[in-house]
Structures are given as C-alpha cells and as structure tokens.
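What follows is a set of notes on a single structure, which appears directly below.
FYI, the numbering just counts along the sequence from 1.
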Amino acid sequence: MLIRNAAVKGPQAFTGDILIEDGQVTALGRHLFAPAEATIIDAAGKAVIPGLVDVHVHFREPGFEQKETIKTGSAAAAHGGFTTVVAMPNLNPVPDNVAALKRLVAKNHSDAKIHVEQFAAITSGLHSNELTDYAAMKTAGALGFSNDGVGIQDAATMYHAMQGAAAVNAPIVAHIEDTGLMAGGVISTGSKAQAFNLPGINHVSESAQLARDLTLAEATGVHYHACHVSTKQSVELIRDAKARGVHVTAEVTPHHLLLDYEHIPANDPNYKMNPPLRAEMDRLALIDGLADGTLDMIATDHAPHTAEDKAGDFKSAAFGIVGSETAFSLLYTSFVRSGKFTLNQLLNWMSTNPANAFGLNAGTIGIGQPADLTLVDLDTPFTIDANTWYSKGKNSPFIGRQVFGKVITTIAGGEIAYEEEKL
C-alpha cells in the first residue's frame, strides 16, 4: 500500500508519502516508488493520524451478543478511527480461566479487523474473592486484570490481587466503586436527582475506594490503572499519589469531559452511565487533570445496549452509552477547534499515551512501526447520525450534534479496516 500526499499529524509530523509492506511502515518520503501491485490511497486534503487506542471497550461477546459482538464492536471502533482496543471481561462465561481466555483471544483475532487485546478477570466470576491464576492467564494472552462493572469491595482481596499482578508485571485495571456508598443510586447527587426525584450516587463512592486502592498500590508497587475517573476528589488523589511515586495511570471518558449533570435535559436514560455525570466543578477538574498529566489518557467505555435495555427512564434503564464512533470527532470539535488543546495533545491522550502505558506496539507513525493509521477530514462538518454506525448500540446523548473530524479510512496492520461506505 502507498499513501500519497499524507499530511501526518502528531509528534512525527511531515507531509509526503507512506509506503506500507507486510503490515509495517517501510518508507516515508516524497515521491516514493509504488510497487506494481500496491494499493494507492490519495490522502490529499486529509490528515493522517496514528491509529487511535482505546483501553476500555465492551464487546459483550460471549454471553450478550444481542447488545454487541466482537465483529460489530470492532467495526464500530474502526469507524471511529481506532486501530487498537482492549476489551473488558464482564462476559458470560467470564474469562477467569485459561481455557475461556484462550477461546476469547482467538475469537478477538479471527473476528476483528483491528487489534483487540483482552483483560482477564481479577477474581473468579467477577463477584467472588477468589483470585484467578495471573501467571497462567498472562501467558494465555491477558494484557491485565479487571473486574470492570463490579469493582473489588474487599480490601484484602484487592491487596492480594495487587501482589499477584505485580509478581507477573501486569496491571490491575480498577472499576472504582464502593457499592455500600452507592445506595441504589442511578444519577449523581445534586439538582437533577432532586428535580427527577431519583436516588443519587454520592461522589465519595468513587473517591473513598480510590483512596484505599492508591494506598494498596503504593504498598505493593503494582501498576494500578484507574478506570473512568469522574470526580474532582479523584483527580486530587491521583495527583498526590503520582507525586509520591505511586505507579498509577488513569483514564477519563469523552462524556465526562463534555457533559455534567446540568446538561441532562430530562429523565432520559441516554444520559445514564456509571460513573454518572457529575457537577461542573468535576468536569473542569477532569480537563485540568488531563492538561497537567494527572490523567494520562482518554478511553471511551463503549457500552452498547439494546433499545429495550435503554428504554424507560433512569430507574429502569441500564447504565452506559456507546462511544467508539463519536469520541474523536466530539473531542476534536470541542477542544481542538476551540483552541483549548492542540491536536497533538489530543492524539497523545487517544493514541500515544495509552499505548505506552500498557506496553502496546501502537501510537506512532514511523519506519518499522506497525501500519496503524487513520485518515481524517478535519475541515468538513457533519452530523452525528446513529443510522451510520456499525455498533449494535445506539444509546448516546450526542446524536444530532454537528461535529468535525470525520474518519475517512482506518488502516490496521497494513489492511483497510474501515473505508467510508466500503467497510
């Protein structure tokens, strides 16, 4: 494959041609020779960016294929410009043993046109205190260990899990939630909970458990990764922990950066996610946390549901929204075109930083690097339309927004994973 007239964005910015052979970038320059059998892509007028990396997606397979499958979820990710994603283990059966994990890793490889890595469970069945076999699971293909969607409620279990993960040099990826402090809540405490007469979720349900976990991470030396950070207090705790030398990385979602609970227009379950949308001061603290390096990356927490699952109101509907197909365009429009951040900063948070944090061979465009890159139209506005999505899930509060940053082509491992209207 030869990409001509490539305006490459990011740390390795240049304008010229990109030659791809055997899944790798083999030459960068002007007027490169195209082998006779090469596919030629003219990138004139488009930006070429490193393939995006998302370390938090839910593909729902096995067990919940009515919501999403590996094939549809990875197609949605490719449509959004992602070339590498990491899938969560809250599935049925749970990948908490070598046999189940190997089957899942094989299916990720066979069904996806992008790179799909896999987290395995911290504990058996996600809800128990019985640790899985970390050494065997890492050998079988686990990138790390998470009980996402549940969280570890027992401090001793988390401590021993961190010891086990540290021993095999693997991260603990934490869904931070003290269920005893959730109190059956479905929306953040505050004005909207009162207006809609709904039970609220206090911010301490996140920050209290995070404080516990950071203390344990400091004691064990594990790489501790905080999922979907949502509160001002959590940002402060992570900032202090990093200053002490704790090996902690943290992610924030596009929806927590773009929305707070005052944006919820009605008792509309498309605004129901876990953690919930917080106050404006929390949203602003998350933005500041990205800017100063406290928060390392942006991850979508892509959580597709059926229309039935998201029907009704906050009390009856499932938690979660989709995000793979809207993340880049929303963030580029809101933060880069407004001048708040540069495109390089956004690419660091959505590609380079997550790749580096999890040891993934991704996030850069260079000779000898995997040919994972995305062509984007940065200048033509378009409207977010769920009818164009490849995900089974249509549950999003962002439908109908006008944005910039439309993905035209996604190339993963030197193969076209998405091409506008030609997937």
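Closest of all the heavy-atom pairs between Arg283 and Leu258 is CD-C, 3.7 Å. Smallest separation of non-hydrogen atoms from Asn395 and Lys310: CB-CG, 3.7 Å. When all heavy atoms are compared, the tightest approach of Ala7 to Lys46 is CB-O, 3.8 Å. Here the closest heavy-atom approach between residue Pro370 and residue Val25 is recorded as O-CG2, 4.4 Å. A pairwise comparison of heavy atoms in Val105 and Ala140 identifies CG2-O, 4.1 Å as the closest pair. The minimum heavy-atom distance linking Pro254 with Thr300 is given by the pair CD-CA, 3.9 Å.
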### Message
Under the criterion side-chain contact (heavy atoms from CB on, under 4.5 Å), I'd like the reasoning laid out for Trp389 against Thr326: C-alpha separation, chi angles, the key distance, then a yes or no.
### Response
CA-CA 9 Å; Trp389 293 351; Thr326 58; 3.6 Å; yes

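Although no hydrogens or angles enter the test, the distance criterion places no donor-acceptor pair under 3.5 Å between the side chain of Ser188 and the main chain of Arg278. Put simply, the side chain of Asp372 gets close to the backbone of Gly413: a donor and an acceptor are under 3.5 Å apart. Looking at Ser396, its side chain never comes within 3.5 Å of a backbone N or O of Val322 through a donor-acceptor pair. Using modelled atom types, one side-chain atom of Glu325 and one backbone atom of Ser391 make a donor-acceptor pair closer than 3.5 Å. With hydrogens and angles disregarded, a donor-acceptor distance shorter than 3.5 Å links the side chain of Asp133 to the backbone of Ala136. Under the 3.5 Å distance criterion, the side-chain polar atoms of Asn344 are matched with a main-chain donor or acceptor of Gly10. Judged by distance alone, with hydrogens and angles left aside, the side-chain atoms of Gln118 form a donor-acceptor pair with the main-chain N or O of Ala87 at under 3.5 Å. Side chain of Lys138 to backbone of Val168: a donor-acceptor contact under 3.5 angstrom is found.
Within the cation-pi definition used here (under 6.0 Å to the ring centroid, within 45° of the axis), Lys192 does not qualify as a partner of Tyr261.
Checked options Val229, Asp260, Val235, Thr231; the residue passing with Asp282 is Thr231 (criterion: side chain to side chain contact (heavy atoms under 4.5 Å, CB included)).
More than 12 heavy-atom neighbours from other residues, nucleotides or ligands sit within 6.0 angstrom of CD on Glu236. Counting non-hydrogen atoms of other residues, nucleotides and ligands closer than 6.0 Å to OH of Tyr159 gives a total of 12 or fewer. Summarising the local packing, NE2 of His263 is surrounded by more than 12 heavy atoms from other residues, nucleotides or ligands at distances under 6.0 Å. Heavy atoms of other residues, nucleotides or ligands lying less than 6.0 angstrom from NZ of Lys392 number more than 12. Within 6.0 Å of NZ on Lys71 lie no more than 12 heavy atoms contributed by other residues, nucleotides or ligands. Atom CG of Asn169 has 12 or fewer neighbouring heavy atoms from other residues, nucleotides or ligands inside a 6.0 Å radius. Residue-environment remark: CG (Asn92) exceeds the threshold of 12 foreign heavy atoms within 6.0 Å.
Two rings, from His58 and His302, have their centers 6.0 Å or more apart. Aromatic ring centres of Tyr134 and Phe145: separated by under 6.0 Å.
His79 and Tyr390 have perpendicular rings, their planes meeting at more than 60° on a 0 to 90° scale where under 30° would count as parallel. Between His225 and His223, the angle of the ring planes goes over 60°, which puts this pair in the perpendicular group of the 30/60° scheme.
Under the rule for a side chain to side chain donor-acceptor pair (under 3.5 Å), the partners of Arg239 that lie at least two apart in sequence or sit in another chain are Asp292, Thr294.
In this structure, NZ in Lys9 is found 11.0 Å from CD1 in Ile49, a value given to the nearest 0.5 Å. Here Asn361 contributes atom CG and Gln369 contributes atom CD; the two are 5.5 Å apart, rounded to the nearest 0.5 Å. One finds the CG atom of Leu131 at 10.5 Å from the CE atom of Met158 (value rounded to the nearest 0.5 Å).
Looking at Glu177 and Ser205, their side chains never bring a donor and an acceptor atom within 3.5 Å of each other.
With respect to the salt-bridge test (charged N to carboxylate O, under 4.0 angstrom), the residues Glu61 and Lys67 do not qualify. For Arg60 and Glu65, the salt-bridge test fails: no basic side-chain N is under 4.0 Å from an acidic carboxylate O.
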With a 3.5 Å cut-off and sequence neighbours excluded, list the donor-acceptor pairs that the side chains of residues 314-321 form with protein atoms.
unit_1: Ser316; atom_1: OG; unit_2: Ala311; atom_2: O; d: 3.2
unit_1: Ser316; atom_1: OG; unit_2: Asp313; atom_2: N; d: 3.0
unit_1: Ser316; atom_1: OG; unit_2: Asp313; atom_2: O; d: 3.4
unit_1: Ser316; atom_1: OG; unit_2: Asp313; atom_2: OD1; d: 3.3

Determine all donor-acceptor pairs shorter than 3.5 Å in which one atom belongs to a side chain in residues 349-360; sequence neighbours excluded.
unit_1: Ser351; atom_1: OG; unit_2: Gly51; atom_2: O; d: 2.9
unit_1: Thr352; atom_1: OG1; unit_2: Gly363; atom_2: O; d: 3.0
unit_1: Asn353; atom_1: ND2; unit_2: Asp296; atom_2: O; d: 3.0
unit_1: Asn356; atom_1: ND2; unit_2: Thr352; atom_2: O; d: 3.4

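Considering only heavy atoms from C-beta on, Arg212 comes within 4.5 Å of Ile152 through its side chain. In this structure, Val336 and Thr342 have side chains that are not in contact, with every pair of non-hydrogen atoms separated by 4.5 Å or more.
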